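In listed order, ligands and their atoms are each counted from 1. Predicted model only: the values in this text are computed from it and were never measured.
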Amino acid sequence: MRKKLVVGNWKMNGSRAQNEGLLSGLLEEDVGGRIDVAVCPPFPYLEQVGRALAGARISLGAQNVSAFDAGAYTGEVSPSMLADLGCDWVIVGHSERRSLFGETDEVVAAKLRAALAAGLKPILCVGETLAQRECGEAEVVVGAQVASVVEALGVAAAAELVVAYEPVWAIGTGRVASPDQAQAMHRFIRGRLEAAGVAAAGVRILYGGSVSAESAPTLFAQPDIDGGLVGGASLVAAAFSEICRAAALVAA
Ligand code: 13P
């Protein structure tokens, strides 16, 4: 049985004062326990958030990581630094990183490898654009993203990943994938992993893209949806807590 996982991706939002308010809301709701919960603040706030979460049932993650471990890489943050700051998780290959910052499948694979070597648990993001879905290419695109990672990392390392299916057209648009659309793609991803020889039954596959307190219960009830990667709603303590509760209810 895969334990449900809900991860908040704060993206480039927050300030020390705002984070304090959000965190105290989350801690009051005490959402962890039956499910795994993590939040991923921007780099400068990792230490603040990590300190606030000490002893709580919410773990810490980052939104990006360097593929290099140390040295002359101005502006980069290494996997060992994230581990040193208390991160358990790191998001890799988010569509915003792929489309706005030119991350290729090769870069994504190198970051995943480096993160695993530092003992972090990477969350690999995959997903198709609206144009790709409309041309009937969603499975081809997502299948290729998954296959390139398995090929680069090998089946044992690939089994250590969490995969997040985030259709680009659903991110920040309020246009959430239907439970059937999401389940079909999650089943497809698990099938692809299995066919490549990865122990896919144990791999958690999260859905991301306009997840809300309203859409979460039906999404999380799908057999291959193991939780969510939540953007906008993770910035509101009540909404994020409600989403976590929806996952816990399914897990009960
Ligand atoms: P939204 O939940 O704001 O659509 O963002 C999803 C996302 O990109 C999480 O990584």
Side-chain angles (χ1 to χ4, degrees), residues 4-14 18 22 26 31 35-43 45-46 49 58-65 82 87-101 103 108 111-112 115 120-130 132-133 138 141-142 145-146 149 161-179 181-182 185-186 189 204-220 222 225-247:
K4 290 266 194 270
L5 168 64
V6 177
V7 179
N9 174 9
W10 293 3
K11 306 194 180 183
M12 198 171 73
N13 292 293
Q18 282 170 2
L22 177 52
L26 291 180
V31 287
I35 62 163
D36 289 330
V37 179
V39 292
C40 302
F43 288 140
Y45 300 127
L46 285 170
V49 176
I58 300 177
S59 53
L60 185 66
Q63 300 171 16
N64 183 26
V65 67
L82 296 183
C87 288
D88 288 320
W89 302 94
V90 63
I91 298 168
V92 175
H94 191 281
S95 67
E96 287 149 19
R97 302 242 28 111
R98 292 179 192 256
S99 67
L100 302 172
F101 303 101
E103 288 193 10
V108 169
K111 290 184 172 196
L112 292 170
L120 298 168
K121 292 178 254 187
I123 301 168
L124 161 68
C125 299
V126 297
E128 81 286 356
T129 63
L130 186 58
Q132 289 163 336
R133 175 160 284 261
V141 170
V142 172
Q145 288 170 336
V146 170
V149 164
L161 304 175
V162 166
V163 178
Y165 169 56
E166 298 207 308
V168 176
W169 47 272
I171 295 177
T173 59
R175 184 178 166 188
V176 63
S178 73
Q181 277 175 327
M185 188 59 91
H186 282 228
I189 292 169
R204 289 186 283 189
I205 306 178
L206 313 182
Y207 169 79
S210 297
V211 175
S212 64
E214 292 71 38
S215 59
T218 9
L219 284 166
F220 296 167
Q222 305 305 309
I225 300 186
D226 304 310
L229 180 54
V230 185
S234 74
L235 299 172
V236 181
F240 189 66
S241 304
E242 196 59 40
I243 292 167
C244 292
R245 270 193 293 274

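The ligand atoms of ligand 1 that sit less than 4.0 angstrom from a heavy atom of N9 are 9 (C), 10 (O). For ligand 1, the atoms sitting less than 4.0 Å from at least one non-hydrogen atom of G209 are 4 (O), 6 (C), numbered in the order shown with element in parentheses.
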**Message:** What verdict does the side-chain contact (heavy atoms from CB on, under 4.5 Å) test give for E103 and N64, after you've listed the backbone C-alpha separation in whole Å, the side-chain angles of each residue and the deciding distance to 0.1 Å?
**Reply:** CA-CA 11 Å; E103 288 193 10; N64 183 26; 3.6 Å; yes
**Asked** Would L120 and C87 count as a side-chain contact (heavy atoms from CB on, under 4.5 Å) if you check the C-alpha gap in whole Å, the side-chain angles of each, and the deciding distance to 0.1 Å?
**Response** CA-CA 7 Å; L120 298 168; C87 288; 4.1 Å; yes
**Message:** Please determine whether side-chain contact (heavy atoms from CB on, under 4.5 Å) holds for the pair I35 and C244, giving the CA-CA distance in whole Å, both sets of side-chain angles, and the decisive distance to 0.1 Å.
**Reply:** CA-CA 8 Å; I35 62 163; C244 292; 4.0 Å; yes
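Of the N or O atoms in H94, one or more lie within a sub-3.5 Å distance of an N or O in ligand 1. Between S210 and ligand 1, at least one N/O pair is under 3.5 Å apart.
When non-hydrogen atoms are compared, ligand 1 lies under 4.0 Å from the backbone of L229 as well as from its side chain.
Distances shorter than 4.0 angstrom occur between a heavy atom of A170 and an atom of ligand 1. Residue contacts with ligand 1 leave out G208, since none of its heavy atoms falls under 4.0 Å from the ligand.
K4 contributes no side-chain N or O that, together with a main-chain N or O of V37, makes up a donor-acceptor pair within less than 3.5 Å.
Side-chain atoms of Q63 and H94 include no donor-acceptor pair closer than 3.5 Å.
Applying the salt bridge (Lys or Arg N to Asp or Glu O under 4.0 Å) test to pairs two or more places apart or on separate chains, none has a residue in residues 170-179.
Looking at atom 3 (O) of ligand 1, its nearest protein heavy atom turns out to be G232 N, 2.8 Å. The single protein non-hydrogen atom nearest to atom 9 (C) of ligand 1 is E166 OE2, 2.9 Å, given as residue, atom name and distance. The nearest heavy-atom contact from the protein to atom 5 (O) of ligand 1 is K11 NZ, 3.3 Å.
Nearest residue to atom 4 (O) of ligand 1 from S234, G231, G172 is G172 (criterion: closest heavy atom).
Note on ring orientation: taking the six-membered ring where Trp is involved, the planes of Y165 and H186 are perpendicular (angle over 60°, cut-offs 30° and 60°).
Contact annotation: the side chain of V92 approaches that of V65 to within less than 4.5 Å [non-hydrogen atoms, C-beta and beyond].
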